[in-house]
2 protein chains.
Amino acid sequence: MTLAEVAKAAGVSVGAVSQVLNDNPNSRISPEARARIVAAARDLGYRPNMIARTLRTSRSHTFGFVSDAVTITRFASGILRGALAAARAEGYFLLIAETAGDARQEEEAIASLADRGVDGIVFAAMKSRSSGTHATRGIPTVNVNLAGDGGATSILPDEHAGGRTAVRTLVEAGHRGGIALVGHDFRLPVDGGIALTARRRFAGIADEMAAHGLDFTDQQACADWQPEQGYAAARRMLRRGSVTALLCLNDRLAFGAYQAVTEAGLRIPEDVSVISFDDDELATALRPGLTTVAIPHERMGALAIEALTSPAEPAVEVLVPMPIHVRASVAAPPAART
Amino acid sequence: MTLAEVAKAAGVSVGAVSQVLNDNPNSRISPEARARIVAAARDLGYRPNMIARTLRTSRSHTFGFVSDAVTITRFASGILRGALAAARAEGYFLLIAETAGDARQEEEAIASLADRGVDGIVFAAMKSRSSGTHATRGIPTVNVNLAGDGGATSILPDEHAGGRTAVRTLVEAGHRGGIALVGHDFRLPVDGGIALTARRRFAGIADEMAAHGLDFTDQQACADWQPEQGYAAARRMLRRGSVTALLCLNDRLAFGAYQAVTEAGLRIPEDVSVISFDDDELATALRPGLTTVAIPHERMGALAIEALTSPAEPAVEVLVPMPIHVRASVAAPPAART
DNA sequence: ATTCGGCGATATAACGTTGTACCTTGCCCA
DNA sequence: TGGGCAAGGTACAACGTTATATCGCCGAAT
């Protein structure tokens with residue numbers, strides 16, 4: 001199943017077969033020979049040996065996909081899915097590595113990928129660390145969910161617009177007040193450790209609130225954006241009364257908030273609307289379905305591959321729109337209802 | 001950064017360098033030359049070109065990881081994680097492909113992996129289809145979560161033991177009756193479309209119940225094992241009363257059951273114990289934490305790689321124990337409490 | 001009739017390894 | 001003194017491609 005065997009079957013030289021099968025433009029092979037070669041290749045089921053081809057051309061048609069530990073877990077497997085689909089469409093495969101967020105492991109992974117001749121590397125991360133530079137030995141690079149230092153293109157969710165979307169959705173449903181923010185407190189000083197994307201999400205929320213001349217009825221920061229904290233925060237907020245909408249900074253917080261609302265004897269969305277971010281698996285499991293601004297993981301993964309395959313993209317930030325997934329957790333506030 | 005450059009630096013031939021760096025046992029290189037070579041390689045930061053090595057030796061130190069669509073999503077990314085970690089420990093990388101469960105795509109993926117010279121292929125699936133044979137062109141194969149037809153080793157969760165574990169946990173907590181089964185009805189004929197692993201889970205549950213001389217107070221099959229069905233089933237069961245434990249066939253059903261219990265004004269675990277299977281992300285999000293019999297995804301992935309790296313394993317089923325993750329949803333039944 | 005040009009294809013040299021066969025040198029022993 | 005042998009290397013071929021230089025041939029131009 002090598003070129004040599006096809007050549008023998010077609011009665012030509014190896015080089016001729018190579019030229020024909022690669023549609024080499026400046027080759028002078030007669031139509032008849034060409035036909036014989038193509039037929040022979042087909043009959044023998046010839047498939048080029050990618051290893052040999054890579055050695056010769058130093059193009060492997062393979063990309064590395066490097067992620068910190070979290071990416072492969074639930075959260076961002078979507079990035080991998082999207083990247084995988086896009087890669088296959090272009091004839092590429094993905095060689096994957098996990099770094100557990102450790103610099104030494106990342107170094108090692110990059111080196112190993114380089115040894116294997118990858119044509120490019122996608123760096124995917126859960127948290128948008130600020131430092132997105134990697135010593136990639138000249139291999140083209142794209143960052144996903146990870147703001148770069150300028151060297152490489154970064155694919156990021158458009159968190160600012162997403163933040164605005166969430167607020168606008170509440171406003172359009174009729175909410176003009178009684179909105180509480182679960183997970184962040186704008187009155188507190190900005191924590192330096194907060195991810196870049198989260199900060200943008202905050203900014204979008206603040207801007208859209210301001211655009212409508214609104215203020216939060218209540219707001220509370222949460223150290224961890226976990227159900228437990230969402231439950232506690234929402235509970236406190238509901239006790240004070242006058243809250244008709246909970247804007248939660250992610251679905252896990254919203255999950256906790258749901259429980260607090262239920263426990264308080266209130267109904268979603270009749271008494272309290274809930275909206276959040278991420279479109280986690282939880283969002284579909286909850287009853288009623290949680291309306292949430294989705295992180296477009298698959299699309300981000302696909303765009304990463306495109307940035308790698310399309311030549312010479314300028315090093316920029318690609319902001320991917322965050323679509324809102326409307327389910328059943330947002331309605332008009334009680335006061336506004338007939 | 002090639003062997004040739006190291007050779008020149010050390011003042012020896014390329015072959016000598018190769019022999020030394022590979023610890024070739026039947027090579028006769030003097031300790032002095034050996035030292036010079038090692039030093040030169042270190043100083044120059046030499047790393048072997050895997051492509052060339054693969055071409056020469058036809059061993060790529062790369063495995064293919066082929067999954068149906070679902071595997072990369074939430075459910076079994078653990079398999080990938082485990083496989084990845086185990087592979088790296090042995091110096092292997094993973095080349096991944098998705099088939100969407102489609103035979104043609106699988107065919108194509110296998111061919112492409114073969115073109116790239118993978119040393120083995122892991123087939124991972126969400127549902128344990130019965131047919132686990134693949135045309136792998138002589139490439140060693142392991143099935144994960146996928147019962148093979150005999151040709152290849154299959155790594156499967158020990159569902160029978162897991163089923164027994166779930167029941168035993170309830171019994172040991174003091175439950176001697178009032179147990180309802182959410183998701184299956186033993187009185188109904190067996191549906192042929194049900195996955196093999198699910199059937200074994202059923203059998204384990206039935207065997208352990210029988211071992212304790214117990215019968216289900218209630219049981220209900222669910223077409224989809226989704227929260228919605230779990231909610232509906234649990235609701236009906238609780239209405240009839242006398243139910244003190246809900247044995248749910250997966251965490252999503254349990255999720256729905258939680259809501260039904262809460263709505264009925266009952267508490268978990270004081271009034272009703274809940275136990276289930278999978279150890280989904282949901283299990284940690286729920287309050288109180290859901291006690292569940294886990295599918296050991298990571299371990300399964302790791303074992304798959306081991307089966308590939310350890311030579312000449314006989315083709316068998318490897319049954320991986322399902323550990324129970326005890327959280328807070330199981331307690332003694334009300335009647336048994338002081 | 002010789003040369004030229006172009007067409008059709010082949011021969012050859014890499015790409016970086018690895019494994020085997022071979023070569024050189026020195027030494028020992030018959 | 002020459003043959004053998006071991007030690008310490010080197011040379012070479014091969015893995016399957018691809019790109020470039022080369023070759024043979026036929027018709028046409030000189």
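Labels below follow one simple rule: chain letters A, B, ... track the order of the sequence lines, proteins then strands, and each chain is numbered from 1.
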Do [X] side-chain atoms and [Y] backbone N/O form a donor-acceptor pair below 3.5 Å?
| X | Y | result |
| --- | --- | --- |
| B:Thr141 | B:Ile139 | yes |
| A:Arg81 | A:Glu298 | no |
| A:Glu108 | A:Arg104 | no |

In whole Å, I'd like the distance from the [atom1] atom of [X] to the [atom2] atom of [N].
| X | N | atom1 | atom2 | result |
| --- | --- | --- | --- | --- |
| A:Ile29 | C:dC7 | CD1 | C1' | 11 Å |
| A:Ile37 | C:dG8 | CD1 | P | 13 Å |
| A:Leu55 | C:dA14 | CG | P | 14 Å |
| A:Gln19 | D:dT20 | CD | P | 11 Å |
| B:Leu44 | C:dG16 | CG | C1' | 15 Å |
| A:Tyr46 | D:dG16 | OH | P | 10 Å |
| A:Asn26 | C:dA9 | CG | C1' | 14 Å |
| B:Arg36 | D:dG8 | CZ | P | 13 Å |

Is it the case that more than 12 heavy atoms not belonging to B:Arg299 sit under 6.0 Å from its CZ atom? no
What's the closest nucleotide to the side chain of [X] if the choices are [options]?
| X | options | value |
| --- | --- | --- |
| B:Asn49 | D:dG9, C:dT10, C:dT17 | C:dT17 |
| B:Ala52 | C:dT10, C:dG16, D:dT10 | C:dG16 |
| B:Thr2 | C:dT10, D:dT17, C:dT17 | C:dT17 |

Would you indicate what B:Arg28 reaches in the nucleic acid, counting non-hydrogen atoms under 4.0 angstrom: base, sugar-phosphate, or nothing? base
Give one of base, sugar-phosphate or nothing for A:Ser18, where a contact means two heavy atoms less than 4.0 Å apart. base
When you measure from the side-chain N and O atoms of B:Ser30 to the phosphate of D:dG9, is any distance below 4.0 Å, counting only OP1 and OP2? yes
For a quick test of reading the model: is some side-chain N or O of B:Ser13 closer than 4.0 Å to OP1 or OP2 of D:dA11? no
If only side-chain N and O atoms count, and only distance matters, is there a donor-acceptor pair under 3.5 Å linking A:Gln105 with B:Arg88? yes
